[in-house]
Amino acid sequence: MSHNLHPWSPYEERSNAHSVGRVTLIWAFGQLVEAMLGFMPYELPTIFARPEDEGQNDAARDLIRLQSEDMTRAFVHARLASFMRPLGGGEVQPIPSEWWEIDEPLPRFAIGAFDPERWAEPDAVPTHRILVGAESFDRWLAALPELGPLTARQIEMVTEPKLRAARAVSRQAQPAVEPADKQAPSDRSDLAGVGPPLISIEAVCEMTGMANSTVYKRIDDDGFPQQIKLGSRSLWYKDEVAAWLREKAALRSN
């Protein structure tokens with residue numbers, strides 16, 4: 001028996017098909033996306049239903065795609081155990097690691113199933129549900145680095161190149177960094193090679209001395225940096241907020 005599953009629709013379900021010592025790929029990937037990106041699994045159908053915009057929607061989809069590629073590498077290198085079971089029930093069998101050596105893994109994650117007879121064809125009608133070893137998944141997920149909120153560099157790697165270049169030029173114009181003995185302790189997002197962090201509305205208010213409502217009003221009326229929507233969260237580039245404050249200070253001096 002074959003099934004034609006609609007991409008991302010399995011993430012709207014709240015249940016996880018039962019299998020001793022295993023979880024569905026849908027459940028596991030939903031856990032990964034929630035842990036690393038802050039998106040709830042049930043948000044994925046909406047994210048992929050939105051039109052292309054060369055902005056936040058595309059960035060969100062590309063970041064999810066990067067997570068699928070990371071998980072695929074774990075399958076290829078046998079850091080994660082994967083299994084297949086006929087849709088509707090039946091015998092569980094391991095999936096050979098070489099069956100994960102595919103050019104575009106995201107379609108497989110979108111439905112959580114595939115056809116083992118045509119495993120390299122993303123358009124093949126799925127016949128088997130994909131399962132993940134629960135123990136190996138827990139170990140793998142627990143070992144992933146705690147990155148916290150998405151950094152500016154993580155966003156920039158999937159956004160428009162001219163915007164990335166403009167931000168680089170802007171950072172070059174910023175004042176020199178203070179001596180090490182005068183700097184506040186940094187978190188992981190400030191380490192070399194990671195990039196400036198994204199910050200929450202609470203941190204924005206602390207930096208600017210403005211209330212929440214004033215921040216959003218300044219976006220419309222006074223050129224305050226636009227927030228980035230990631231799932232249910234609104235975040236700001238810390239360096240953009242600092243640049244806006246410097247601009248206001250310069251205008252006051254003039």
Side-chain angles (χ1 to χ4, degrees), residues 5-19 22-75 80 82 104-114 126 129-159 187-189 197-204 212 215-216 226-237:
L5 300 175
H6 189 273
W8 303 108
S9 63
Y11 291 87
E12 296 174 340
E13 302 175 4
R14 303 304 176 91
S15 61
N16 182 34
H18 179 71
S19 180
R22 306 174 186 93
V23 295
T24 62
L25 179 65
I26 294 296
W27 185 89
F29 189 61
Q31 292 284 294
L32 174 65
V33 169
E34 182 179 351
M36 300 305 293
L37 303 179
F39 299 128
M40 299 302 294
Y42 59 78
E43 294 180 289
L44 297 184
T46 301
I47 291 172
F48 282 90
R50 292 169 181 163
E52 295 183 2
D53 62 358
E54 297 184 358
Q56 296 173 19
N57 291 340
D58 289 351
R61 284 189 285 265
D62 283 344
L63 288 167
I64 294 168
R65 174 181 54 79
L66 291 174
Q67 294 301 318
S68 75
E69 293 175 354
D70 286 345
M71 196 168 186
T72 297
R73 280 191 289 271
F75 287 128
L80 283 176
S82 61
E104 180 50 72
L106 192 61
R108 187 177 288 186
F109 285 84
I111 59 175
F114 78 134
R129 189 183 307 278
I130 299 174
L131 305 171
V132 182
E135 184 178 347
S136 66
F137 176 73
D138 286 343
R139 287 198 305 267
W140 178 74
L141 184 62
L144 292 178
E146 292 284 349
L147 294 179
L150 292 172
T151 66
R153 184 163 297 181
Q154 287 174 301
I155 296 295
E156 287 170 355
M157 69 186 294
V158 292
T159 54
D187 57 21
R188 288 180 61 92
S189 60
L198 289 164
I199 58 176
S200 65
I201 181 63
E202 291 78 12
V204 170
N212 290 22
V215 169
Y216 289 105
Q226 181 74 38
Q227 75 271 36
I228 294 173
K229 290 292 292 182
L230 293 175
S232 59
R233 297 185 298 171
S234 291
L235 301 172
W236 280 260
Y237 287 112

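As the structure is a prediction and not an experimental result, all values here were calculated from the model. Quick note: numbers below take in every heavy atom, side chains included, and nothing from hydrogens, waters or symmetry partners.
Between Phe75 and Ile130 the shortest side-chain heavy-atom distance does not fall below 4.5 Å. Within the 4.5 Å cutoff, the side chain of Arg65 has heavy atoms near those of the Glu69 side chain. No side-chain heavy atom of Trp8 sits under 4.5 Å from any side-chain heavy atom of Thr46. Side-chain contact between Leu32 and Asp70: absent, with no pair of heavy atoms (C-beta onward) separated by less than 4.5 Å. Contact check for Gln227 versus Val215: no side-chain heavy atoms found under the 4.5 Å cut-off. Looking at Tyr11 and Phe48, their side chains never come closer than 4.5 Å, going by heavy atoms from C-beta outward. The shortest side-chain heavy-atom distance between Phe109 and Thr72 falls under the 4.5 Å cut-off. Counting heavy atoms from C-beta on, the side chains of Ile201 and Trp236 come closer than 4.5 Å.
Here the straight-line distance linking atom CD of Glu34 with atom CD of Glu43 works out to 9.0 Å at 0.5 Å rounding. Taken from CG in Leu144 to CD in Gln67, the straight-line distance is 8.0 Å, to the nearest 0.5 Å. For the atom pair Leu131 CG and Ser82 OG, the distance stands at 9.0 Å (nearest 0.5 Å). For the atom pair Phe39 CZ and Ile47 CD1, the distance stands at 4.5 Å (nearest 0.5 Å). Summarising the geometry, atom CG belonging to Leu44 is positioned 10.0 Å from atom CD belonging to Glu12; distances are rounded to the nearest 0.5 Å.
Shown here is Glu135, whose CD atom has no more than 12 heavy atoms of other residues, nucleotides or ligands within 6.0 Å.
What you find for Phe137 and Ala28 is that their closest heavy atoms are CZ-O, 3.3 Å. For Arg129 against Ala113, the heavy-atom pair with the smallest separation is CA-CB, 4.1 Å. In plain terms, the two heavy atoms of Asp58 and Glu52 that are nearest each other are OD1-CA, 3.4 Å. The two residues Ala110 and Ile26 make their nearest non-hydrogen contact at O-CD1, 4.4 Å. Listed here is the closest heavy atom pair of Arg50 and Arg61: O-NH1, 3.0 Å.
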After noting the C-alpha distance and the side-chain angles of Met71 and Leu25, does the key distance pass the side chain to side chain contact (heavy atoms under 4.5 Å, CB included) rule?
CA-CA 10 Å; Met71 196 168 186; Leu25 179 65; 4.1 Å; yes
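A donor-acceptor pair under 3.5 Å is absent between the side-chain atoms of Arg108 and the main chain of Ser68, judged by distance alone.
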